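Naming: A, B, ... by sequence-line order, numbering from 1 per chain. Heavy-atom basis, side chains included; hydrogens, waters and symmetry copies ignored. None of the values given here were measured: they were computed from a predicted structure.
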Number of protein chains: 2
Amino acid sequence: MVTIYDIAKRANVSSMTVSRVINNSGTVKEETRKKVEQIIKELNYIPNSAARSLNIKETKILSLIITDITNPFFTKVARGAEDKAKQMGYRLLLSNSDESLEKESEYINMILSSGVDGVLIAPSGDQSKKNLRTLIKHRIPFVLIDREVDGIQSDVVMGDNFDGTRKLIEHIIQQGHRKIALINGPSNISTARAREKAFIETLQLSGIQPEENLMYNISFKQNNAEKIVEKLVSLKKAERPTAIFAANNFIAVDTVKALRDLGKSVPEDMAIVCFDDPEPIPGFNPFLTVAAQPDYNFGYLGVQLLIERIEKKGPQGFQRIVLPPEIHISKSSIKG
Amino acid sequence: MVTIYDIAKRANVSSMTVSRVINNSGTVKEETRKKVEQIIKELNYIPNSAARSLNIKETKILSLIITDITNPFFTKVARGAEDKAKQMGYRLLLSNSDESLEKESEYINMILSSGVDGVLIAPSGDQSKKNLRTLIKHRIPFVLIDREVDGIQSDVVMGDNFDGTRKLIEHIIQQGHRKIALINGPSNISTARAREKAFIETLQLSGIQPEENLMYNISFKQNNAEKIVEKLVSLKKAERPTAIFAANNFIAVDTVKALRDLGKSVPEDMAIVCFDDPEPIPGFNPFLTVAAQPDYNFGYLGVQLLIERIEKKGPQGFQRIVLPPEIHISKSSIKG
DNA sequence: CTGTTAGCGCCTTCAG
DNA sequence: CTGAAGGCGCTAACAG
């Protein structure tokens, strides 16, 4: 391995001069700089980042913790995050928590020891407070994406869950539906709470009384909605919903599949609207009516805030960026 | 920051003993080990990985270079890679080359200086040889995924492009099509070459003469197929294809959109089959007939080979794992 | 503009 | 089973 000393020797300078050339720091005579640079090329010298990190205590590595890269929403978040990170000279570590506090904790531990400069995280829920506290204790800057956590002050980039939900529900009411079910995520996740609140209030504003037996909390992960759908479908006609609001894309997909398996058709037997688009390519094969979030920007802006925080260029107080969703109306909620 | 010395002092041992406890190396009396471990907990000690890496020359970080995480095929590859990496105690860096040699080269440079232990890469094409040679020169192990590179010997995990293509084309011929167009990726990518070869040979075996003016090479990226589709559609009826083989999912999506914009319907006016599923959730909203690859395993097995190579547990020779695709027949190729 | 000294936190080597 | 000395490759702080 060729080190800074090998370069120094060949160039008849000290290691410090080489260091200055590499980092463009201090002042070096144009002539010596040229010489050093040439020798660096000749010898294919590459600075050792471990040694560098040991000194200056920064790695130029960020950690992205999402629940599942396979969820098209987070796929785009990751792409936005990576793009911005690269642009700013940072690398990005990928982690999938699968909505599990335990996995999240494991990643947090790995983060502490691998010395990343900052963390962009979609927390698994309010219980993540524990993990975020750990980050705070170790002075590792972080930015929350998509989800807030009760009792944690920080920068955050999130969607307008209330507004998106309200528009979806208004739309479905406008389509003539009065019995509307909610299949929601766990209530320890801020997005689920906001969506439920908006669901209830929007119904009430239209003079519809929200019904307990039409509202369910399951996981935001795949393969969870089937039983709920069966239950809803098997209700007596008078009690049965004619529309379902799926609180995220995975739940929506499950719901559609479950209905299909039950021989029900969408939207004739059951209308569906959902938050977050399950399609990676919007508008390709449009079927579901969705509140599509600017997912790419969640990641892009998140990394931007994070780097500002790391490099202390950010404002003193925490920033809270709320991005509005776009409603895309499609077959799943329109009759005929 | 609490260091190994702080622990040593408190425990009345030397830093070496602490080091031995941390790494489970050498021998330490059960009693002292217990004491040290307790103090580590009390003080919330976390080993500094930069210092560690500086000594032992390993980071437990792998780099994944794909063309675009947003492509559902690579999304799954990434998930498989991350799962295996985590299981083996490694972290994974994410990079999107966007099929660009330049971006790929930038990432390779970052890799060299950030000292990752190994690289899992879907090369941008045969021109990546340059970058792979750089990795070889710097003794950084790598495994190719999805694509081989002319003149590079290495471990590789890839799909059976010939077989998948053959089955798709046989299917489309069986549907009565004789004029079949190919919208392929660039011929400097091994998968594109294999798919073209299989396309031509399968046609010939069925007594159909491949036609130059029905075969095109574009990029594997999004938003490229429109002009080709327009050209194909505007051919005189006698020359016009009745089916299109899109060589990857992005091309297929573009093709479907372009046809839609031109007022053509699929499969009535034009049948479509493609390699790689554009749906993140197979079978959710089935439309396209596809050769779906075991994408998750590309990443999972790729990382497995890579770690074996890094830890020198792998066989001397290089491994070449070829995974068969599954054909999913759907509306886009079946009439009425 | 350049060099010297010291040390980042850990692990290897060798002694005991 | 444990410790002392030295070094990994680099840079901060100072000196010239």
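- Qualifying side chain to side chain contact (heavy atoms under 4.5 Å, CB included) partners for B/S53, counting only residues two or more places apart in sequence or in other chains: A/A50, B/T59.
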Base contacts versus sugar-phosphate-only contacts with protein, heavy atoms under 4.0 Å: please encode nucleotides 11-16 of chain D as B, S and - from 5' to 3'.
BBB---
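- The list of salt bridge (charged side-chain N to carboxylate O under 4.0 Å, His left out) pairs with a residue in residues 133-143 of chain B, not counting sequence neighbours, is empty.
- Along DNA chain C, read 5' to 3', the first and last nucleotides having any atom under 4.0 Å from a heavy atom of chain A are C/dC1 to C/dG9.
- Atom pair B/N24:CG and D/dC1:C1' shows a separation of 15 Å (rounding to whole Å applied).
- For the pair B/Q304/B/V157, no side-chain contact is recorded, criterion being any heavy-atom separation below 4.5 Å from C-beta on.
- Between D/dC10 and A/S53, no contact under 4.0 Å exists linking OP1 or OP2 to a side-chain N or O.
- The separation between A/K60 atom NZ and D/dC10 atom C1' is 17 Å, rounded to whole Å.
- Within the structure, the ring pair (Phe, Tyr, Trp, His ring centres under 6.0 Å) test picks out the following pairs touching residues 51-73 of chain A (sequence neighbours left out): A/F73-A/F298.
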Compile the donor-acceptor pairs under 3.5 Å between side chains in residues 143-151 of chain B and protein atoms, sequence neighbours left out, one pair per line.
from   : atom 1 : to     : atom 2 : distance (Å)
B/R147 : NH1    : B/E99  : OE1    : 3.0
B/R147 : NH1    : B/P123 : O      : 2.9
B/R147 : NH2    : B/E99  : OE1    : 3.4
B/R147 : NH2    : B/E99  : OE2    : 2.9
B/E148 : OE1    : B/R320 : NH2    : 3.2
B/E148 : OE2    : B/R320 : NE     : 2.7

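- Contacts of A/N12 with the nucleic acid, taken as non-hydrogen atoms under 4.0 Å apart, involve only primed sugar atoms and P, OP1 or OP2.
- Axis angle across the helix from C/dC1-D/dG16 to C/dG16-D/dC1, with five pairs used at each end and values rounded to 10°: 30°.
- Sorted by first and then second residue, the salt bridge (charged side-chain N to carboxylate O under 4.0 Å, His left out) pairs involving residues 104-117 of chain B (not counting sequence neighbours) are A/K86-B/E106.
- Backbone-only contact: A/T17 has heavy atoms under 4.0 Å from sugar-phosphate atoms and none from a base.
- Of the residues near DNA chain D, B/K29 and B/L54, the one whose nearest nucleotide (by heavy atom distance) lies more toward the 5' end is B/K29.
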Which donor-acceptor pairs under 3.5 Å do the side chains of residues 75-82 of chain A make with protein atoms, sequence neighbours left out?
from  : atom 1 : to     : atom 2 : distance (Å)
A/T75 : OG1    : A/I69  : O      : 2.5
A/T75 : OG1    : A/N71  : O      : 3.1
A/K76 : NZ     : A/P280 : O      : 2.9
A/R79 : NE     : B/D68  : OD1    : 3.0
A/R79 : NH1    : A/D83  : OD1    : 2.4
A/R79 : NH1    : A/D83  : OD2    : 3.1
A/R79 : NH2    : B/D98  : OD1    : 2.3
A/R79 : NH2    : B/D98  : OD2    : 2.9
A/E82 : OE1    : B/N96  : ND2    : 3.1
A/E82 : OE1    : B/Y107 : OH     : 2.8
A/E82 : OE2    : B/Y107 : OH     : 2.7

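- The side chain to side chain contact (heavy atoms under 4.5 Å, CB included) test applied to A/Q153 returns A/F318, not counting sequence neighbours.
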Compile the donor-acceptor pairs under 3.5 Å between side chains in residues 39-47 of chain B and protein atoms, sequence neighbours left out, one pair per line.
from  : atom 1 : to    : atom 2 : distance (Å)
B/E42 : OE2    : B/Q38 : NE2    : 2.7

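- Residue A/I61 holds its CD1 atom at 7.0 Å from OG of A/S114, rounded to the nearest 0.5 Å.
- A search for side chain to side chain donor-acceptor pair (under 3.5 Å) contacts involving A/N12 returns nothing, not counting sequence neighbours.
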